[in-house]
Asker: 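One structure coming up, written as structure tokens, with questions to follow.
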Amino acid sequence: MSQLMKAYYDAVVPGNATLQRALAQLAGSRCLITGANGIIGYALSRLLDGYATTDLHLAVRNPHFTGREMLSERVTCIDYASLSGERFDHIFHFACHSAPRTFLAEWQATVRLNTSLLLDLLEATNHKLVFASSVEIYAGLPREATEEDWGGTTAPQHPRGIYIESKRVGEALCKQSGLGSASRIAYAAGPYPGPTDSRVLFELIRKGRARQAVSLLDGHHSIRQYQYTGACALRALVAGLLGREPVYNNAGPIVETLESIAQTIAAKLGVPYLATPAGPGVVGAPKNTSYSMDRFHGEFPEMQGIDPSFDQFIDWVVRDCP
């Protein structure tokens with residue numbers, strides 16, 4: 001299974017002084033990653049398991065998740081009920097649904113993960129908690145208003161309001177506690193999405209294999225800013241442990257239309273791309289996404305250039321999507 005992520009980390013991590021400084025913060029510490037079976041939590045798990053000297057614990061609902069065999073025997077998987085009474089030096093709270101279909105269907109659980117569980121984890125943190133927020137917070141703002149000091153203008157009537165508001169509350173909890181840092185994560189993809197993960201890249205890959213053709217139902221000209229989950233994990237680690245600010249955008253340099261992405265996926269699968277009329281788009285989804293990384297790159301210039309190319313990114317995601 002995914003040696004691609006290992007090869008990516010092996011190429012990027014050892015020679016990057018900023019990454020080495022962040023990893024050194026974890027030396028000898030007791031760490032927890034929640035949502036370690038999700039695509040970003042998993043990437044972070046692989047990173048800390050391979051490059052940090054930590055007592056690493058992963059909070060998961062099913063300890064037999066896909067990709068578990070790639071982690072070392074030093075890693076301990078625990079269920080969420082076992083977290084009560086435990087303390088950790090560093091916590092990376094990445095347990096939250098990020099596929100719109102799921103976080104809207106399971107909205108009560110989504111709110112609890114972003115608020116009540118976060119409160120419990122802040123109380124269990126000895127040093128630092130890094131919270132996976134979302135660039136969905138920028139919904140309702142002009143396209144150019146994507147710097148971290150903007151907080152969004154959505155109302156409860158927004159189709160994704162329950163998710164956006166819970167993330168906004170989570171960010172405020174992190175800031176108020178003095179222990180938390182929020183990483184506003186943009187679209188990401190990487191190894192081992194769950195079998196019911198409905199995010200567009202994974203749906204295109206799976207349907208392309210099943211139907212031997214790739215097509216889009218809607219959103220053809222919508223622009224998306226994507227990143228590899230490995231690079232996302234590196235940015236979250238650095239911003240969370242070394243950053244001066246309480247909130248950082250976490251986005252990659254891959255900015256493409258959905259149609260361009262679908263065409264590239266078709267080419268990687270070796271199947272035709274079928275041009276179809278553009279539909280109205282998914283309710284609540286932004287037409288264009290492009291998020292400022294000036295704060296992060298200004299503080300950590302060595303982190304520029306860590307991302308794979310667009311072609312590599314699609315190739316890796318296709319090869320590692322079960």
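Predicted model, so just to flag it, every value in this text is computed and none were measured.
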Asker: Group every Ile, Leu, Val, Met, Phe, Trp and Tyr by side-chain heavy-atom contacts under 4.5 Å, then state whether M5 and Y226 land in the same group.
Answerer: yes
Asker: Do C232 and N250 have side-chain heavy atoms sitting under 4.5 Å apart?
Answerer: yes
Asker: For Y192 and P322, work out which heavy atoms get closest and say how close.
Answerer: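 Looking at all heavy atoms of both residues, the shortest contact is CA-CD, 4.0 Å.
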Asker: Compare all side-chain heavy atoms of V135 with those of T146 and state whether any distance is below 4.5 angstrom.
Answerer: no
Asker: With sequence neighbours left out, write down each residue that passes side-chain hydrogen bond (donor to acceptor under 3.5 Å, both in side chains) with N16, or none if nothing qualifies.
Answerer: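 Here no residue qualifies.
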Asker: Going through the distances and angles, do C31 and F88 end up as a side chain to side chain contact (heavy atoms under 4.5 Å, CB included)?
Answerer: CA-CA 6 Å; C31 292; F88 299 91; 6.0 Å; no
Asker: Output all residues satisfying side-chain hydrogen bond (donor to acceptor under 3.5 Å, both in side chains) with R61, sequence neighbours left out; order by chain, then residue number.
Answerer: none
Asker: Could you list the residues that satisfy side-chain contact (heavy atoms from CB on, under 4.5 Å) with N126, not counting sequence neighbours?
Answerer: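 Partners of N126 under the side-chain contact (heavy atoms from CB on, under 4.5 Å) test: R87, D89.
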Asker: Go through the structure and list residues passing side-chain hydrogen bond (donor to acceptor under 3.5 Å, both in side chains) with R319, not counting sequence neighbours.
Answerer: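 So R319 forms a side-chain hydrogen bond (donor to acceptor under 3.5 Å, both in side chains) with D315.
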Asker: Is any side-chain N of the basic residue among R235 and D307 closer than 4.0 Å to the acidic one's carboxylate O?
Answerer: yes
Asker: Got F65 and C77 here, is their nearest side-chain heavy-atom distance under 4.5 Å?
Answerer: yes
Asker: For S72 versus D49, what's the shortest heavy-atom pair and its separation?
Answerer: OG-OD1, 2.7 Å
Asker: Taking the side chain as everything from C-beta on, heavy atoms only, tell me whether E165 gets closer than 4.5 Å to V111.
Answerer: no
Asker: Roughly how far apart are E203 CD and I265 CD1, rounded to 0.5 Å?
Answerer: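 Nearest 0.5 Å value for the CD-CD1 distance: 11.0 Å.
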Asker: Using side-chain heavy atoms (C-beta onward) and a distance below 4.5 Å, is I254 in contact with E256?
Answerer: yes
Asker: Restricting to non-hydrogen atoms, name the atom on A189 and the atom on F313 that form the minimum distance, rounded to 0.1 Å.
Answerer: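 That closest heavy-atom pairing would be O-CE1, 3.6 Å.
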Asker: Do K128 and L26 have side-chain heavy atoms sitting under 4.5 Å apart?
Answerer: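 No - every pair of side-chain heavy atoms lies 4.5 Å or more apart.
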Asker: For the atom pair CD (Q227) and CD (Q225), what is the distance rounded to the nearest 0.5 Å?
Answerer: 8.0 Å
Asker: Can we say D55 and R74 salt-bridge, meaning some charged N sits less than 4.0 Å from an Asp/Glu carboxylate O?
Answerer: no
Asker: Quick one: closest heavy-atom pair of C174 and S177, and the distance?
Answerer: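 Scanning both residues, the minimum pair turns out to be O-OG, 2.9 Å.
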Asker: Please examine the side chains of C96 and T110, heavy atoms only from C-beta on, and report whether any two atoms are closer than 4.5 Å.
Answerer: yes
Asker: Between W316 and Y228 (judged by ring centroids, cut-off 6.0 Å), do the two rings come close enough to count as a pair?
Answerer: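 Yes, ring centres under 6.0 Å apart.
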Asker: Taking it one step at a time, do E299 and Y248 satisfy side-chain hydrogen bond (donor to acceptor under 3.5 Å, both in side chains)?
Answerer: CA-CA 11 Å; E299 195 170 336; Y248 288 85; 2.6 Å; yes
Asker: Is there a donor in the side chain of E259 and an acceptor in the side chain of Y273, or the other way round, less than 3.5 Å apart?
Answerer: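 Distance-only check passes for E259 and Y273.
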Asker: Under a plain distance cut-off of 3.5 Å, with no hydrogens placed, do T257 and H221 share a side-chain donor-acceptor pair?
Answerer: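 The criterion, which ignores hydrogens and geometry beyond distance, is not satisfied for T257 and H221.
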Asker: Can R184 and E171 be counted as an ion pair, charged N to O under 4.0 angstrom?
Answerer: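 The answer is yes: the pair qualifies as a salt bridge.
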Asker: Please list, chain by chain and in numerical order, all residues satisfying side-chain hydrogen bond (donor to acceptor under 3.5 Å, both in side chains) with Y51, sequence neighbours excluded.
Answerer: D10
Asker: State, with a plain yes or no, whether a side-chain heavy atom of L58 is found less than 4.5 Å away from one of L32.
Answerer: no
Asker: Kindly list each side-chain donor-acceptor pair under 3.5 angstrom involving residues 36-45, sequence neighbours excluded, with atom names and distances?
Answerer:
unit_1, atom_1, unit_2, atom_2, d
Y42, OH, R46, NH1, 2.9
Y42, OH, G67, O, 2.9
S45, OG, G41, O, 2.7

Asker: Nearest heavy-atom pair of L113 and H93: which atoms, and what distance?
Answerer: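 Heavy atoms only, the tightest pair is O-NE2, 2.7 Å.
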Asker: Is there a donor-acceptor pair closer than 3.5 Å between any side-chain N or O of T276 and the backbone N or O of L217?
Answerer: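 The answer is no, because no donor-acceptor pair under 3.5 Å joins these two groups.
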